[in-house]
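A short worksheet on the structure shown next.
Every chain is numbered from 1, with letters handed out A, B, ... down the list of sequences. Computed from heavy atoms alone, side chains included, the values below leave out hydrogens, waters and symmetry copies. Since the model is a prediction, treat every value here as computed from it, not as a measurement.
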Amino acid sequence: MICIKFYDGFLKDYPSGITPIEIALDMNEKKAREVLSASINGHQVELSTPITKINIQIVFYSWENTLGKKAFWHSSIHLLGQTLLQIHPQAKLTIGNPIENGFYYDVDLVDGPQQNFSSNLEERMLENARKNSIFELYSIYKAKSLDYYKENLYKIDIIKNLQEGDTTFCSNDDFVDLCRGTHIFSSGKIKYVKILNSSGVYWHSDEKNQQLTRVYGISFPNEKHMNEYLLKFEEAKKRDHRKLGKELDLFNFSDNVGAGLPLWKTKGTVLRRSLEDFLMRAQKKYGYEMVVTPHIGNKKLYKISGHIDKYENDSFLTRFSHHFGEEILLKSMNCPHHCELFKSQSWSYRDLPKRFAEFGNVYRYEQSGELHGLTRTRGFTQDDAHIFCTTDQLVDEFHRVIDLVLYILKSLGFEQYTIQISLRDLKIMNKYIGKEQNWKKAEEDIIEAVCNKNLPTKIIHGEAAFYGPKLDFLIQDSLKRNWQLGTIQIDYSLPERFDLQYQGPDNLLYRPVIIHRAPFGSLERFIALLIEHTGGNFPFWLSPIQVILIPISEKYIFYAEKILHLLYKYGIRSNIDLRSEKTGKKIRDAEINKIPFMAIVGEKEMYDGTISIRAHTIGNMGKFTFEAFLELLFNEA
RNA sequence: GCCGGUGUAGCUCAGUAGUUAGAGUGAUUCCUUGGUAAGGAAUAGGUCAUGAGUUCAAUUCUCAUCAUUGGCUCCA
């Protein structure tokens, strides 16, 4: 007998060799139907694997749990693989994975990549699912598995990198696949399948390798969950900043101006300016000083900084003068300019930290396939600053920057973000410049600063900048794609390359450290994410138009204009709807334009000198005196 | 940059299996002067992304380019 402890602490004895699915059925037959996966002593296991260990703790997962969904989608990958082979018998399966919403399988279709899969694929997957075959995981000797896949070089490649005990296979129905699990019990649970899209990818993500077809799909145990997902997906698409940007008249692109170069309309400009003002005020409190540097710079500047070696092909060349032997580029970063500013005078240790801030417009030739609305452009505005400090001040200063970034995110309602410590990839060291000891120190500094702050972070190797490690703040867009917004970077390299110095208390010259930082990252990208998070319903202080006056008829325009001028006097961004439309139409349009407040004025209001207020998405708030309305507005702001 | 999809009026989209196009909405003008999410009418607005090719004839078919879009790769 073995003793099983359940999640809620309940204990029960079972015969050795019992499987998790049998335990689930024994506990509650109805609930067992919802069980998709289980873990034993914290390790996710197959539902069909007999348990022999005594004294174990078991936890079951349903659809509501990420691990349950993961097992469900993992199992769906097998159905996809099986069905793809039925349709394309020559195809070579490679690697499949469950993802946040669904799963994918990379397959070499032999005839070259193909991306049009008919609904036939979905139907045949479901036919296979209905056979309700059990997913069984078992180990095979490495040599035998290599033999099994002698026609499939991709699988051989994977197996060669596995340890002897790790070559496990999964079989269900007539299909066998190299697999490490974990699966749901049987395929019949998979009731609905959607093939979402597919694209060409390279084996091991290397463009020198064979091109494969990646087929994305998603599956569900019932119609309700599928409809929920589809509805959410539709809702998410409505929040797309490219769509809302057009609808709310914020920005625009023109083929004549060029790809990836946003044109900011008047309303979008108000939004930008408001954000800039907000950040400037916040930074002032943190001791930043504003600077302005040109949009272009001499190539030799970027030679000193080291950027040119890495990014020359991604820079815009503006002018080449043979006579003077100089080349001038559009700037793609502000740090070299700020270093030159720092160098323009001598500094005492008493002057540090020195914090130079600039809304710097930079231009980078992003690959055509990378351009994406405002989140990836070829011209954008960094809310950049460079802090020149002593090594003693570094960690403390880093804390202050973290505080600032967190304050910004909180003020704008971003509650969910990932904080990522981006370090070097120790396998590709030629990507980085600077001395080993400086890198080590910088990486330790970041980790120390973050540990002190007790922030939930994850460490990712290979995401560092070429001159130093970073702390990145990542936020998801409406379609769950991650974007890096805020970033804080420690740099021992540029101070050396620019030979930056300050005079210490002992009269000797010392090298400062630079912290590069941008809380928004790029203003364009930040606004894109802000649009998607608010769905275009901006907080009052950011709304391009804050109040719209709606006269009931032409007779009350005069009164409305009086109110408008009063609002102007208090700096409220206001407008009047002068069209000869009915009130209902004007209100509808104001609601669609997401204007926070509508002020409706007619005979009644004119008679007693009031205004009727309707708040966006809230509705009629009744009559207000102008003073009472102002108070309401200032509470909003 | 790579593999697919898409490109028709300011916007959202129909349509033409080859004979130079239509709706809704927005815009303009007129009527209407209305009370919390769409009042009515008329008018203007398109070399059907661009360039080549096939054809008696191309917005429609083919190719290329550009833009855009979903992934991949990249992201100082």
Whole-Å distance separating the [atom1] atom of [X] from the [atom2] atom of [N]:
X        : N      : atom1 : atom2 : result
A/Tyr302 : B/rA76 : OH    : P     : 17 Å
A/Gln367 : B/rC75 : CD    : P     : 9 Å
A/Glu247 : B/rC11 : CD    : P     : 13 Å
A/Ile600 : B/rG35 : CD1   : P     : 12 Å
A/Ile557 : B/rG35 : CD1   : P     : 16 Å
A/Leu371 : B/rC72 : CG    : P     : 16 Å
A/Lys586 : B/rU32 : NZ    : P     : 16 Å
A/Lys243 : B/rU69 : NZ    : P     : 14 Å

Which sits closer to the 5' end of RNA chain B, A/Glu581 or A/Lys246, going by the nucleotide each is nearest to?
->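 Mapping each residue to its closest nucleotide by heavy atoms, the 5'-most match is A/Lys246.
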Specify the residue among A/Arg525 and A/His616 whose closest nucleotide of RNA chain B lies further upstream toward the 5′ end.
->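 Counting from the 5' end, the first nearest nucleotide belongs to A/His616.
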Can A/Phe466 be called stacked on B/rA76 when the rule is centres closer than 5.5 Å and an angle between planes below 30°?
->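 Answer is no, no stack.
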May I ask which nucleotide in the shown strands pairs with [N], Watson-Crick or G-U wobble, both distances under 3.5 Å?
N      : answer
B/rA14 : none
B/rG26 : none
B/rG4  : B/rU69
B/rA38 : none
B/rC61 : B/rG53
B/rA21 : none

Distance-minimising heavy-atom pair for A/Leu279 and A/Pro519 =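 Reported closest heavy-atom pair: CD1-CG, 4.2 Å.
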Can you see if the side chain of [X] gets near the phosphate of [N] - specifically, an N or O under 4.0 Å from OP1 or OP2?
X        : N      : result
A/Ser332 : B/rA76 : no
A/Arg214 : B/rG70 : no
A/Ser198 : B/rG4  : no
A/Lys585 : B/rG26 : yes
A/Arg242 : B/rU68 : no
A/Lys310 : B/rC75 : no
A/His372 : B/rG70 : yes
A/Tyr216 : B/rC72 : yes
A/Arg614 : B/rG35 : no

With the side chain counted from C-beta on, respond yes when A/Thr583 and A/Ile587 share a heavy-atom pair under 4.5 Å apart, and no when they do not.
->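 They are in side-chain contact.
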Does a side-chain heavy-atom distance below 4.5 Å link A/Leu529 with A/Phe414?
->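 In contact.
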Taking only the [atom1] atom of each, what is the distance from [N] to [M] in whole angstrom?
N      : M      : atom1 : value
B/rC74 : B/rG1  : C1'   : 9 Å
B/rA9  : B/rU47 : P     : 9 Å
B/rG45 : B/rA21 : C1'   : 14 Å
B/rU20 : B/rA58 : P     : 11 Å
B/rA17 : B/rU28 : P     : 37 Å
B/rU60 : B/rU6  : C1'   : 16 Å
B/rU8  : B/rG22 : C1'   : 10 Å
B/rA41 : B/rA37 : P     : 23 Å

Of the candidate nucleotides B/rA37, B/rA76, B/rG34, which contains the atom at the shortest distance from the side chain of A/Lys555?
->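 Nearest to the side-chain atoms of A/Lys555, counting from C-beta on, is B/rG34.
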Closest to the A/Ser612 side chain, choosing from B/rU69, B/rG71, B/rG35 |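 Side chain of A/Ser612 sits closest to B/rG35.
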Classify the ring geometry between [X] and [Y] as parallel (under 30°), tilted (30 to 60°) or perpendicular (over 60°).
X        : Y        : answer
A/His338 : A/Phe356 : perpendicular
A/Tyr216 : A/Tyr104 : tilted
A/Phe251 : A/Trp264 : tilted

For A/Glu122 and A/Ile195, indicate whether the former's side chain and the latter's backbone hold a donor-acceptor pair under 3.5 Å.
->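 Checking the backbone N and O of A/Ile195 against the side chain of A/Glu122, a donor-acceptor pair under 3.5 Å is found.
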Decide whether A/Asn209 and A/His204 meet the rule of one side-chain donor and one side-chain acceptor closer than 3.5 Å.
->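 Not at all, the side chains of A/Asn209 and A/His204 share no donor-acceptor pair under 3.5 Å.
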Taking N and O atoms by type only, does the side chain of [X] place a donor or acceptor under 3.5 Å from a partner on the base of [N]?
X        : N      : answer
A/Glu554 : B/rU33 : yes
A/Glu605 : B/rG35 : yes
A/Arg376 : B/rC74 : yes
A/Ser580 : B/rU32 : yes
A/Arg579 : B/rA27 : no
A/Glu370 : B/rU73 : yes

Looking at A/Phe388, does the NZ or CZ of A/Arg355 lie under 6.0 angstrom from its six-membered ring centre and within 45 degrees of the ring axis?
->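 Pair A/Arg355/A/Phe388 does not count as cation-pi.
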Contact class for [X] vs. all strands (heavy atom < 4.0 Å): base, sugar-phosphate, or nothing?
X        : result
A/Tyr311 : base
A/Gln484 : nothing
A/Glu366 : nothing
A/His516 : nothing

